[in-house]
Protein chains: 2
Amino acid sequence: MGKQMTEMLKGTLEGIVLATLAVQPAYGYEITARLREQGFSDIVEGTVYALLIRIEQRGLVDVEKVPSEKGPPRKVYSLNAQGGDYLEEFWKSWGFLAERIEQLHHQLEQPGHSNNTPNEGE
Amino acid sequence: MGKQMTEMLKGTLEGIVLATLAVQPAYGYEITARLREQGFSDIVEGTVYALLIRIEQRGLVDVEKVPSEKGPPRKVYSLNAQGGDYLEEFWKSWGFLAERIEQLHHQLEQPGHSNNTPNEGE
DNA sequence: GCCGCTATTCAGTGCTACTATCTAGTGGTA
DNA sequence: TACCACTAGATAGTAGCACTGAATAGCGGC
């Protein structure tokens, strides 16, 4: 991925992680690995941990320390009620944005329309 | 809109403006007004002008000064070949991201699936 | 004892949207 | 003339977020 994806992830990565936690609780290292498997190949631990700390401090997730057999204790995050509300707002914002962008995409794919609507807002 | 939308627009607003210019050349004040009409009610001129200067310095758009009857001369931007390539990359990145997010959305709407695939990557 | 894997933390950087303000040009009005 | 409203653009400073790079901690294998 490139610079465009980096900028696009601002704001959406948070929603992606929250949605992931809504499906199933998880810890940072695990989330990073899953994102990498799903094609977000550039995402590294540091990014995800910073995000998790942020949403924890905002009270969107609950945290539970679980001992690991393979290393230091894991911090398992799960979405709480407040996080659920926040995630719903995310879906609304995303839906609005996606709608506008898809609309533009369709306009570009169908060049035979009337796009210069001269007296629209005047 | 809220803080979520602000963050989400980082990276996507650029694509939105480029796509808008691909449909039809326009100047900053006009673009801002159109975005506002389309529901991006918080967007102000300053944001759009800064973005336009950025994409101009990257060589993604051509600029033409056109005198206006109502005020200072307009800087009319139009997408050039390089901008077209960049816009195509934007669609690819957007498509990838939208696909992942829609997938998560479907997972949350259909809670009867098997989501805990225990041995997927180990 | 050293390396590799798991797991988390943290300081610093770059990019972008936002805020607020300023300048410039035209036309209307008191 | 002086003032205001609308059009049109520029700019300095701020906040937020993903990224970089490094460090730390715990466990097992060589």
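Below, chains carry the letters A, B, ... as their sequence lines are ordered, and counting in each starts from 1.
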* Along DNA chain C (nearest heavy atom to each residue), the more 5'-positioned of A:Gly46 and A:Glu7 ->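 Counting from the 5' end, the first nearest nucleotide belongs to A:Gly46.
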
* Considering heavy-atom distances to DNA chain C, does B:Leu13 or A:Arg74 have its closest nucleotide positioned more toward the 5' end? ->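 Of the two residues, A:Arg74 wins.
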
Candidates [options] - which lies nearest the side chain of [X]:
X       : options                : result
B:Pro72 : D:dC19, C:dT19, C:dA24 : C:dA24
A:Thr6  : C:dT9, D:dA18, C:dT16  : D:dA18
A:Lys75 : C:dG14, C:dT9, D:dT20  : C:dT9
A:Leu9  : C:dC15, C:dA7, D:dC19  : D:dC19
B:Ser68 : D:dA8, D:dC17, C:dT9   : D:dA8
A:Ile43 : C:dA7, C:dA17, D:dC19  : D:dC19

Under a 4.0 Å threshold between the charged nitrogen and the carboxylate oxygen, would [Y] count as salt-bridged to [X]?
X       : Y       : result
A:Glu14 : A:Arg58 : yes
A:Glu7  : A:Lys10 : yes
B:Arg74 : B:Glu64 : no
A:Arg36 : A:Glu45 : yes
A:Lys92 : A:Glu88 : no

* To do: Take A:Thr12 and A:Gly71, find for each the nucleotide of DNA chain D with the closest heavy atom, and name the residue whose nucleotide sits nearer the 5' end.
  =>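 Residue closer to the 5' terminus by nearest nucleotide: A:Thr12.
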
Please report the distance, rounded to the nearest Å, between [atom1] in [X] and [atom2] in [N].
X       : N      : atom1 : atom2 : value
A:Ile53 : D:dG16 : CD1   : C1'   : 16 Å
B:Glu14 : C:dG14 : CD    : P     : 18 Å
B:Tyr29 : C:dG25 : OH    : C1'   : 13 Å
B:Arg36 : C:dC18 : CZ    : P     : 11 Å
B:Met8  : C:dC15 : CE    : C1'   : 18 Å
B:Glu45 : C:dT23 : CD    : P     : 17 Å
A:Leu51 : C:dT8  : CG    : C1'   : 15 Å
A:Glu69 : C:dA7  : CD    : P     : 10 Å

Under 4.0 Å between any heavy atoms, over every strand shown, what does [X] touch: base, sugar-phosphate, or nothing? Just pick one.
X       : value
B:Leu52 : nothing
B:Thr47 : base
A:Gly28 : sugar-phosphate
B:Glu30 : nothing

Strictly below 4.0 Å: does [X] bring a side-chain N or O up to OP1 or OP2 of [N]?
X       : N      : result
A:Arg58 : D:dC17 : yes
B:Tyr27 : D:dG9  : no
A:Arg54 : D:dC17 : yes
B:Tyr49 : D:dA10 : no

* Would you say the side chains of A:Trp94 and A:Glu99 form a donor-acceptor pair under 3.5 Å? ->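 Short answer, no.
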
* Between B:Trp91 and A:His105, what is the ring plane arrangement, given parallel below 30°, perpendicular above 60°, and tilted in between? ->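 The arrangement is parallel - the two ring planes meet at less than 30°.
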
* To do: Please state whether the base of C:dT6 and the side chain of A:Lys70 form at least one donor-acceptor pair under 3.5 Å?
  =>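 Side chain to base: no pair present.
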
* Answer with yes or no whether A:Lys3 presents, from its side chain, a donor or acceptor under 3.5 Å of a partner atom in the base of C:dC15. =>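 Absent.
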
